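Okay, structure first, notes after.
Residue numbers count from 1 along this sequence. Nothing here was measured: the structure is a model prediction, and the numbers come from that model. Just so you know, these numbers use all the heavy atoms, side chains as well, and skip hydrogens, waters and symmetry mates.
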Amino acid sequence: VWVDETYLRVNSEDMIYSHKRGEGKRGLNKDLLQVCCGIDANKRCFALVGGRGTMSTKDAETYYKGRVAPGSIVHSDEGHYGTVFKDCHHFAVKAGSPESKILNKINNFTDQVQRYFKIHLGTDRRYLSAYLHLICFCSQRGCDGYDEKVDGLIKRVWNSDVVFTRNRNS
């Protein structure tokens with residue numbers, strides 16, 4: 001199992017946004033929304049909305065506890081996981097080291113989450129969990145009949161008469 005988190009920019013109206021270069025705060029800060037992610041060797045994954053700001057040990061214990069089966073092999077970057085994975089074989093890898101290539105699977109998944117929300121700016125935070133579930137479902141393509149399920153759902157959604165709009169509260 002590979003675990004990591006990514007961060008989304010959320011404005012004062014609780015909507016996902018992006019800012020132009022030079023605007024807003026840069027780097028990790030308290031205005032970012034945590035998205036906790038995990039994926040296993042069978043492409044089963046989870047992504048859930050965390051708190052705001054940089055992930056703390058308390059946050060990690062809140063969001064990751066119970067998500068990984070005891071005895072699992074867990075790969076993560078070094079950081080704030082504390083005792084979350086004490087019943088697992090936890091391997092923390094230093095970012096930028098040659099061993100960090102082992103994190104490619106989770107890095108690809110967190111990049112997928114980031115790409116999705118760069119395209120769908122203006123998403124209301126209330127719907128963020130539903131979007132994350134959709135991303136997880138779609139990322140499981142290629143395993144155990146998911147292709148047919150995903151293709152069928154995508155055709156139903158895009159061939160329906162439903163019109164998708166952004167929530168604009170201005």
Side-chain angles (χ1 to χ4, degrees), residues 1-40 43-68 74-82 84-85 90 92-96 100-141 146 150 153-154 157-158 162-170:
V1 176
W2 294 265
V3 296
D4 201 4
E5 56 283 330
T6 189
Y7 299 89
L8 300 174
R9 298 186 186 287
V10 180
N11 66 14
S12 59
E13 291 88 32
D14 258 357
M15 295 179 66
I16 307 301
Y17 81 103
S18 177
H19 59 73
K20 295 179 182 169
R21 192 176 190 118
E23 294 178 9
K25 296 180 180 177
R26 297 183 57 160
L28 295 177
N29 60 65
K30 65 181 170 77
D31 296 332
L32 297 176
L33 187 65
Q34 304 163 0
V35 177
C36 308
C37 301
I39 190 166
D40 69 9
K43 286 186 162 182
R44 289 182 301 224
C45 58
F46 69 87
L48 55 122
V49 180
R52 286 191 179 253
T54 308
M55 175 87 53
S56 67
T57 302
K58 184 179 177 184
D59 291 338
E61 289 178 358
T62 301
Y63 301 119
Y64 287 109
K65 198 156 200 95
R67 298 255 174 214
V68 178
V74 179
H75 298 281
S76 70
D77 52 5
E78 288 181 331
H80 40 262
Y81 295 103
V84 176
F85 304 117
H90 184 212
V93 178
K94 185 174 183 171
S100 66
K101 290 181 183 176
I102 200 159
L103 300 176
N104 282 350
K105 192 172 204 111
I106 189 66
N107 290 340
N108 289 339
F109 182 64
T110 56
D111 288 346
Q112 185 179 359
V113 170
Q114 284 288 334
R115 276 192 306 274
Y116 185 85
F117 289 105
K118 288 207 185 322
I119 295 169
H120 295 90
L121 295 176
T123 302
D124 193 308
R125 183 180 172 188
R126 292 177 294 183
Y127 308 116
L128 190 56
S129 289
Y131 282 111
L132 291 172
H133 290 309
L134 177 66
I135 292 168
C136 287
F137 184 79
C138 291
S139 73
Q140 296 176 4
R141 294 185 78 130
Y146 278 99
V150 171
L153 286 172
I154 289 172
V157 168
W158 295 117
V162 176
V163 177
F164 294 96
T165 60
R166 293 184 183 174
N167 181 3
R168 302 273 186 202
N169 294 331
S170 43

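- A heavy-atom distance below 4.5 Å is not found between the side chains of Val1 and Phe85.
- Here CD1 of Ile135 is found 9.5 Å from SG of Cys45. Values are rounded to the nearest 0.5 Å.
- Residues Arg67 and Leu48 are in side-chain contact: their nearest non-hydrogen atoms beyond the backbone lie under 4.5 Å apart.
- Applying the 6.0 Å contact sphere to NZ of Lys65 captures more than 12 heavy atoms from other residues, nucleotides or ligands.
- The backbone N or O of Asn107 lies less than 3.5 Å from no partner atom in the side chain of Trp2, so there is not a single donor-acceptor pair.
- Residues Leu134 and Tyr116 are in side-chain contact: their nearest non-hydrogen atoms beyond the backbone lie under 4.5 Å apart.
- Interatomic distance, SG of Cys136 versus CD of Gln112, reported as 8.5 Å (0.5 Å rounding).
- Counting all heavy atoms, side chain and backbone alike, Val113 lies closest to Cys37 at CG2-SG, 4.4 Å.
- In this structure, the side chains of Gln34 and Glu5 stay at 4.5 Å or more apart for every pair of heavy atoms.
- Using a 4.5 Å heavy-atom threshold, the side chains of Met55 and Tyr7 count as touching.
- Taking CG of Leu32 as the reference point, atom OG1 of Thr6 lies at 9.5 Å (rounded to 0.5 Å).
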Exercise. When you look at Asp4 and Leu103, which way does the side chain to side chain contact (heavy atoms under 4.5 Å, CB included) test go after all the steps?
Worked result: CA-CA 9 Å; Asp4 201 4; Leu103 300 176; over 6 Å; no
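- Looking only at side-chain heavy atoms (C-beta outward), Phe46 and Tyr64 come within less than 4.5 Å of each other.
- To the nearest 0.5 angstrom, Thr110 atom OG1 is 7.5 Å from Asn108 atom CG.
- At least one side-chain heavy atom of Leu132 sits less than 4.5 Å from a side-chain heavy atom of Val35.
- In this structure, Ser129 and Val49 approach most closely via the heavy-atom pair OG-CG2, 3.8 Å.
- Between atom OG1 of residue Thr54 and atom CG of residue Asp59 there is a gap of 9.5 Å, rounded to the nearest 0.5 Å.
- Looking only at side-chain heavy atoms (C-beta outward), Tyr63 and Val84 stay at 4.5 Å or farther from each other.
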